[in-house]
Each structure stands twice: as C-alpha cells, then as structure tokens.
2 protein chains.
Amino acid sequence: MTNTSTSPHRAARAPRRDAAENRIAILDAAISELNHNPDASLETIASAAGLSRRSIYGHFSTRDELVAELNDRGIARVTAALAPIRHDDARVALALVGARLWSEVEDVRVTAQLAIRGPRREIVAEGLDPVRRGVLAIVEQGVAAGQLRTDIEPRTLARLIEGAALSVLDEAVRDDISHGEGHRLVILVALSTAGLSWREAAELIDASPELALEAQPPASSRLSERSAGARP
Amino acid sequence: MTNTSTSPHRAARAPRRDAAENRIAILDAAISELNHNPDASLETIASAAGLSRRSIYGHFSTRDELVAELNDRGIARVTAALAPIRHDDARVALALVGARLWSEVEDVRVTAQLAIRGPRREIVAEGLDPVRRGVLAIVEQGVAAGQLRTDIEPRTLARLIEGAALSVLDEAVRDDISHGEGHRLVILVALSTAGLSWREAAELIDASPELALEAQPPASSRLSERSAGARP
DNA sequence: AATAACTTGCACACTCATGTGCAAGTTATC
DNA sequence: GATAACTTGCACATGAGTGTGCAAGTTATT
C-alpha cells in the first residue's frame, strides 16, 4: 500500500501529490457510489473515480479498510458539526442539532443509514457516542428547565429526536426536497418530537434568528468538487 | 417447482400437506433470517427452516421469487391492518395508524426497511400505495377539520408521520423496548409529528379508549409459531 | 534527465452464492 | 402397500467479487 504519511525515516523521495488526489477521488467516488448502491463493487467505485480497480489497492489494502475510513470521516464530520452546539434554550439547541445534521448528512443518507444499521454499526455507534451524549445532555438540560416533555425518558427522547431528524432525510430521498425546505422540516420535526405543538414551534422559530437558514455555518465541504462520473 | 395450487385438470393426486407446511416454514425462516441479515443466503434460510437448500427450489424457483412473496405478504399484512382504520377525529386515526403499524411490523423492522428502501422499493411502493393514500386522506380530513398542523403540506406530513412511526421501530431495536412501551411511544410520536404538544397528546390519549393497548386487535399472526432454530 | 512514485492491465487463485440434474431415499395419501 | 409427492445429497456449471503478483507503462519530483 502507498504510504501517504510522512515516514520518519527512509524516505528516498516524498510521495507524489497526484497520488493523494487520487486517494481523495476514490473516497469521493465511494461516497456517492455506495450511497447509490451500498453493495457497489470496487470496480464501480474505481471507474467512478477515473481509476482502475487495481490501483485502489495501492491506497487501501482492503475493501473494508476503505469503508472504515469512510465511516471515520463521516463520524468526524458529524461530530465536528454537532459538538459546538450550545444554547440556553434546550429547544433551540435541539432544533440546531436537527439543522446541522441535515446539512451534513443530506447527501449521504443511504450510506449513513448503512453505517448506523449495517455490519459496522457497533463500531460506528462507539464513534458516535460523544454526539449522542451531547444530545442527551441537551435533553436533560431541557427537561430540568421545564422546556421539554417529561412523558418520555430522556435517553429515549434523545434517540427519538435523532431518529425523527433522520427520517426527514429519508423522506427527502423520495420527494427530492430542497435544501431550504429540508432545513425547515428537520427543525419542525425535531421540535415536535421534543413536545412542542406546531404553533409553539413556529413561535420559537420566529423568535430565534439563529435557526434561520442563513445563520447556519456552511457544511464541512466535500472532499473534492468533481461530479463523480464514470467514463467508458 | 411444486404446484401447490389446485390444478383444474390432471391431478393424479393432491399435493401433500407437509409440503405446504414446509413452504410456510421457509417463508417464516426467511423472515427472521433476513431480518437478522438482509443478505442471508438460501443455505442459512433453509437450515433455519430445518430443510436443505436444495428443497427450497422445490417451492421457489428463485431467490427473488421467495423475497417477492415475502414482500407481497408483508404488504398485504400492513394493508389489512391499516385499511379499516376510520375515525371522526383525524388525530385519533393517525395514532391508530401508528399503533397498528407498530404491532404489525415490530418484529420485521429490518426486512421492512429493506423492502421500502432496497432494490425492490419501487414495486413495494406500488403495493403500499393504497395505504399511503389512506394516510393522506386522514391527514387531509384532519387539516380540513382544523385538527392538524397546516405548516407542512399534507402529502409531506403524511410521509413524515409514517417515517416517525418507523423510526420508533428503529429505536426499539437498540433499546429492546417492550410491546407496551412501543405502543405508547409510537402513538406519542405520531401525535407529536401531527402537531400536537405533548400535553395535548396526553389529553387526547386519555380521552380515547380506542387507543389503549388492550383495545388493539391482535396482530395478524405469524405464519407458524415455531421458533426458527437451526439444528446441525 | 534520472528516478522513484504511481498506475495499469492481465493472469490467477480463492471464496461464496445461485441454480440444475439426477439418483436414492422418505412419507403422506390413495 | 402401491405410488405419487416430497426431500436430500452430491456433483457441476456459472457468475461475481476480492485480493495478489508482476511486467510495462506514465508522470511528478529532484
């Protein structure tokens, strides 16, 4: 396998820059191909990346290794997006969780589902644990402040809110919802699940400029900007 | 393939009863094995059914045919459970949709997800269309009666409610939620998504005896009651 | 321009699953 | 108890995907 890291010793020459780019191209292609079909072959991924199957093995010794790296990057992305969320009003914080999740995962829904429910789910769950703790903390804060429902155990409620947000992603697949509408829906659903009536949710959103679409930080960018198209 | 139907002509003898039982055993085993691992092989399914792989081909000419029949039965089950739902109060009707869905799909969550999102999704969607129309009709009725939220388009809202119910199923996988708790949660989540606050939901539930766990019709029974255990 | 770093194409070994053919058993049904 | 209806085990063909070795190319870097 190609050694991309800067070896401490014995580097007759530095690794080539284009190799690193190809590595990114592979990851990128893998994201979109696996999102299209979770069982996509390396052949498919390679050609979407504009490379030969053989050369994938120059970057990843195994299919599993490739998938694992994809998961790791996804986890890092989500963690980075959700960890900094903090707000006095737990309801606003939860709405923000939904919104950030939406913008990060929007274009990798299928892969995300697979990561969460597929064979690697335990490892992924472990990686996602800090995020989950964060959401749980928000819920507990909200319950303590009397802002959230108390008819569902905080632990369960936290999961349900995550799940509700993800289900918006799923519906978005079918209806091809716009970025803006997805943003709006995911916030509404998060607040509804948290226990607010739809009118309360509307009030809260009106009163909270930080929930506006324009107030959101840009999603951590994709690895590269090429549209992954295979060429014959 | 074995001809289970009563042929009009040329039946030297009636098909054997145990063959029909085995067919059911295969379907049953397929349900639970595929729910455990959506890529389970026929070998796995066969041995879970207590049969040899070879004899599966006596009942289904193809793996696809087996899966297709599974889907058809699932669709029929869900349709049968949801179609008769009717109630003056759309909110109660939606809660019932959630509850019935829960009891029908509870033990086949993974398979259900696969059916809805997997390679057969289009065919499944077609089969599920009547159910979806039904839910949509309830939502429209509720909007017209001023019982439901109006900040989300009925079509979308209908989907979101379905999705919310399904996400309870997902959470149930992790937490190993009891039948009763699942019933309660799915109703709460459906009502929340429909726009009610958690206190309004509680009031409605209190006032609606038909939502009680005990008031539910039994789930259309599984094909057989054997626990699907493979024997070496 | 020399050379190490990559990519490629091909051949090959391997695994795993599907689907068939057939002969030899069992077993329900008549 | 005769017989058709099933089941089984085995051998075999097929196909798809993964991972490796290697020789022959390209290309970035020095």
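Computed over heavy atoms, backbone and side chain alike; hydrogens, waters and symmetry mates excluded. Below, read A as the first sequence line, B as the second, and so on, with proteins coming before strands; counting in each chain starts at 1.
Residue A:Ser55 has a polar side-chain atom (N or O) positioned under 4.0 Å from OP1 or OP2 of C:dT8. The shortest distance between the side-chain N/O atoms of A:His59 and the OP1/OP2 oxygens of C:dC6 is not below 4.0 Å. OP1 or OP2 of D:dG19 lies within a sub-4.0 Å distance of a side-chain N or O belonging to A:Thr62. Taking only side-chain nitrogens and oxygens, B:Asn22 never comes nearer than 4.0 Å to OP1 or OP2 of D:dC6.
Nucleotide C:dA17 holds its P atom 16 Å from the CG atom of B:Asp64, rounded to whole Å. One atom, CZ of B:Phe60, and another, C1' of D:dC6, lie 15 Å apart when rounded to the nearest Å. The interatomic distance linking B:Glu43 (CD) with C:dT15 (P) rounds to 17 Å, in whole Å. Rounded to an integer number of Å, the gap from CD1 of B:Ile56 to C1' of C:dT20 is 15 Å. Regarding A:Leu66, its CG atom lies at a distance of 15 Å from the C1' atom of D:dG17, rounded to whole Å. Taking atom CZ on B:Arg53 and atom C1' on C:dC16, their separation rounds to 11 Å, with Å as the unit. Look at CZ on A:Arg63: it is 18 Å from C1' on D:dT20, rounded to the nearest Å. Taking atom CD on A:Glu21 and atom C1' on C:dT7, their separation rounds to 14 Å, with Å as the unit.
Picking from D:dT20, C:dT20, C:dC6 the nucleotide with the shortest atom distance to the side chain of A:Tyr57 gives D:dT20.
Taking A:Glu153 as the reference, A:Thr156 meet the side-chain contact (heavy atoms from CB on, under 4.5 Å) condition, with sequence neighbours excluded.
Shown here is A:His36, whose NE2 atom has no more than 12 heavy atoms of other residues, nucleotides or ligands within 6.0 Å.
The pair B:Glu126-B:Arg121 does not meet the salt-bridge criterion, since no charged nitrogen lies less than 4.0 angstrom from a carboxylate oxygen. A salt bridge is absent between B:Arg54 and B:Glu43; no separation between the charged side-chain nitrogens and carboxylate oxygens falls under 4.0 Å. No salt bridge links B:Arg100 with B:Glu104; every basic N to acidic carboxylate O contact stays at or beyond 4.0 Å. Ion pairing between A:Asp170 and B:Arg159 fails under the 4.0 Å rule for side-chain N and carboxylate O.
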Nucleotide N/O to protein N/O under 3.5 Å, stretch nucleotides 28-30 of chain D:
| residue | atom | partner | partner atom | Å |
| --- | --- | --- | --- | --- |
| D:dA28 | O4' | A:Arg16 | NE | 3.4 |
| D:dT29 | OP1 | A:Arg17 | N | 3.3 |
| D:dT29 | OP1 | A:Arg17 | NH2 | 3.3 |
| D:dT29 | OP2 | A:Arg17 | NH2 | 3.2 |
| D:dT29 | O2 | A:Arg13 | NH1 | 3.0 |

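Mapping A:Arg54 and A:Ala40 onto DNA chain D by nearest heavy atom places A:Ala40 closer to the 5' end of the strand.
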* Would you please test A:Leu70 and A:Leu27 for side-chain contact (heavy atoms from CB on, under 4.5 Å) and show each step? => CA-CA 7 Å; A:Leu70 242 36; A:Leu27 287 165; 3.3 Å; yes

